[in-house]
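Reminder, nothing fancy here: chain letters follow the sequence lines and each chain counts from 1.
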Number of protein chains: 2
Amino acid sequence: MGMTQRRETILEELGSAPGLESLQGAIEKLRDHFRVDHLVYHWVNTDGDQYGCGTYSDIWVERYLTKDYLRVDPVVIGSYQKFHPVDWKRLDWSSKASRAFQMDAIAHGVGNQGLTVPIRGPNGQFALFTVSHQCSDAEWEQFIQRNRRDLILIAHEFNEKALEFEPSRQPEQLRALSPREVDAMTLLASGQSRAQVAEALSISEHTLRVYIESARSKLGALNTTHAVARALSWGLIVV
Amino acid sequence: MGMTQRRETILEELGSAPGLESLQGAIEKLRDHFRVDHLVYHWVNTDGDQYGCGTYSDIWVERYLTKDYLRVDPVVIGSYQKFHPVDWKRLDWSSKASRAFQMDAIAHGVGNQGLTVPIRGPNGQFALFTVSHQCSDAEWEQFIQRNRRDLILIAHEFNEKALEFEPSRQPEQLRALSPREVDAMTLLASGQSRAQVAEALSISEHTLRVYIESARSKLGALNTTHAVARALSWGLIVV
DNA sequence: CATGGCCCCGCTATTTTGGGGGAGTAAGAA
DNA sequence: TTCTTACTCCCCCAAAATAGCGGGGCCATG
């Protein structure tokens, strides 16, 4: 299995390389290694922020951004709802906008075949790792069967490297809440009123209020909703 | 590489097996294959629901549930904030509750060493795949170096199989929020009052209320805090 | 051309939350 | 020891959110 060897070498080189260009370099090497047309890593923030590297042409990337294809692209929309790698054939290309997008993509050198691995992190963070190629269904099927496992693994390792290079996207660690405060925040996050939460915790509503207020101050929150939002997105509570 | 061969065989058997016991069977086979003390798959639902299979003793599992250790367990809390597999040594065990939990866990046969792979799906779904063992740091280091890749891959494949067997946990296609609803939820999550949000969006407070209510109904939320919590943990908004 | 989604606005009444005080115990750290 | 931190309980009152009713217009899909 020289293949696996080689792939690992590429990612190890990546580990010791200094800058962001090395991500681009690595993805190009990986593309050559798999002998496919394109390999793309695409980070999507829910607020529309994007970051990516890959082997699509600059023209296509720019077109994608300016035309705001992110909101149309069935690959993004579809894989956002999926756990597992999705073959492009299994996505919904029926809408008019989707088909226009598809035409445009193929015209710009994107393959007719594709597999996209969705990768998720804390706080709704989301990235895609895509391999795309121009070939027949049968050839593609064979390729996927052979490489699916490696692609999943590489997707996650590549994401890991990408995060190393862009630590700004890493979540920071935070002051913890007391157990009672966690209880309070958790139950509030589940939609219960103060009275219900106090009942559930077998304490007076006034006591509960003290917890909420102290949690609020620890979290620097302006109100209960804010406090719950911060506790959630900082991973201090699990709902 | 007979190892890889064998591992794949186990998961392929799993693919053709009919019931839920086969998950349990597979995880036991995988444990024997890796020659570790424990292997655990642990699903944590957004509403606190849990499901799991693994090789921990029944007593420990029951204790974990009855004592609500989910809210204390540094493995859960820690890996919830991480993208990548975490070695238990790198978690925060400093709090008293954590240490009490750790003592109790080890007393019930959980290993002193562990590696946990966080797995995420759409809508805030979250699962853990953990390997745990009783051994020295050096031995553990070596084991991880050798098997890390395989473990990540297996974690995701196991999760995939688990979802096949329990389609009830498959995400239902949830109605996305409208742009205005997203705006409203986002600003509310940032701690602003309704009046402030209405001001910021340049609409009347009453109109804003309509958005909040429709978002609440789409999300099946009981109040604003609940709605914001769901929107956050389902990845519909980012703060 | 109807249906349903999204966008915008008004009113009143009730319930819930927030902000300001106060006090006492028990456990752990300095 | 003293000091902090977590946990528990109580008051009052103003501000904010919720719940119910109503109205209209725009645009895309079917």
Exercise. Below 4.0 angstrom from OP1 or OP2 of dC6(C), is there any side-chain N or O of Ser178(B)?
Worked result: no
Exercise. Think Arg180(B) has a side-chain N or O under 4.0 angstrom from the OP1 or OP2 of dC8(C)?
Worked result: yes
For this session: Indicate, yes or no, whether a donor-acceptor pair under 3.5 Å links the base of dG20(C) to the side chain of Arg209(A).
Result: yes
Exercise. Would you say the base of dC8(C) and the side-chain of His206(B) have a donor-acceptor pair closer than 3.5 Å?
Worked result: no
Distance check needed: [N] [atom2] versus [X] [atom1], whole Å only.
X	N	atom1	atom2	result
Leu201(B)	dC7(C)	CG	P	11 Å
Ile203(A)	dC7(D)	CD1	P	9 Å
Leu208(B)	dC8(C)	CG	P	10 Å
Glu213(B)	dC21(D)	CD	C1'	12 Å
Asp183(B)	dC8(C)	CG	P	9 Å
Glu181(A)	dT5(D)	CD	P	12 Å
Lys218(B)	dG5(C)	NZ	C1'	8 Å
Leu222(A)	dG18(C)	CG	C1'	12 Å

Is a side-chain donor or acceptor of [X] paired with a backbone partner of [Y] at a separation under 3.5 angstrom?
X	Y	answer
Glu199(A)	Gln196(A)	no
Asn159(A)	Ala155(A)	no
Arg209(A)	Ser204(A)	no

Exercise. Are Arg90(A) and Asp87(A) close enough for a salt bridge, meaning some N to O gap below 4.0 Å?
Worked result: no
Exercise. Does a salt bridge link Glu160(A) with Arg148(B), judged by any charged N lying under 4.0 Å from a carboxylate O?
Worked result: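 Yes.
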Exercise. Stepwise, does the side chain to side chain contact (heavy atoms under 4.5 Å, CB included) test hold for Leu201(B) with Leu208(B)?
Worked result: CA-CA 8 Å; Leu201(B) 296 179; Leu208(B) 174 70; 4.2 Å; yes
Exercise. Would a line drawn from the ring center of His156(B) to the ring center of His156(A) be shorter than 6.0 Å?
Worked result: yes
Which protein N or O atoms sit under 3.5 Å from an N or O of nucleotides 15-17 of chain C?
| unit_1 | atom_1 | unit_2 | atom_2 | d |
| --- | --- | --- | --- | --- |
| dT17(C) | OP1 | Arg194(A) | N | 3.4 |
| dT17(C) | OP2 | Arg194(A) | N | 3.0 |

For this session: Describe the nucleic acid contact of Ser204(B) in one word from base, sugar-phosphate, nothing, applying a heavy-atom distance below 4.0 Å.
Result: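 Ser204(B): backbone/sugar contact only, no base atoms under 4.0 Å.
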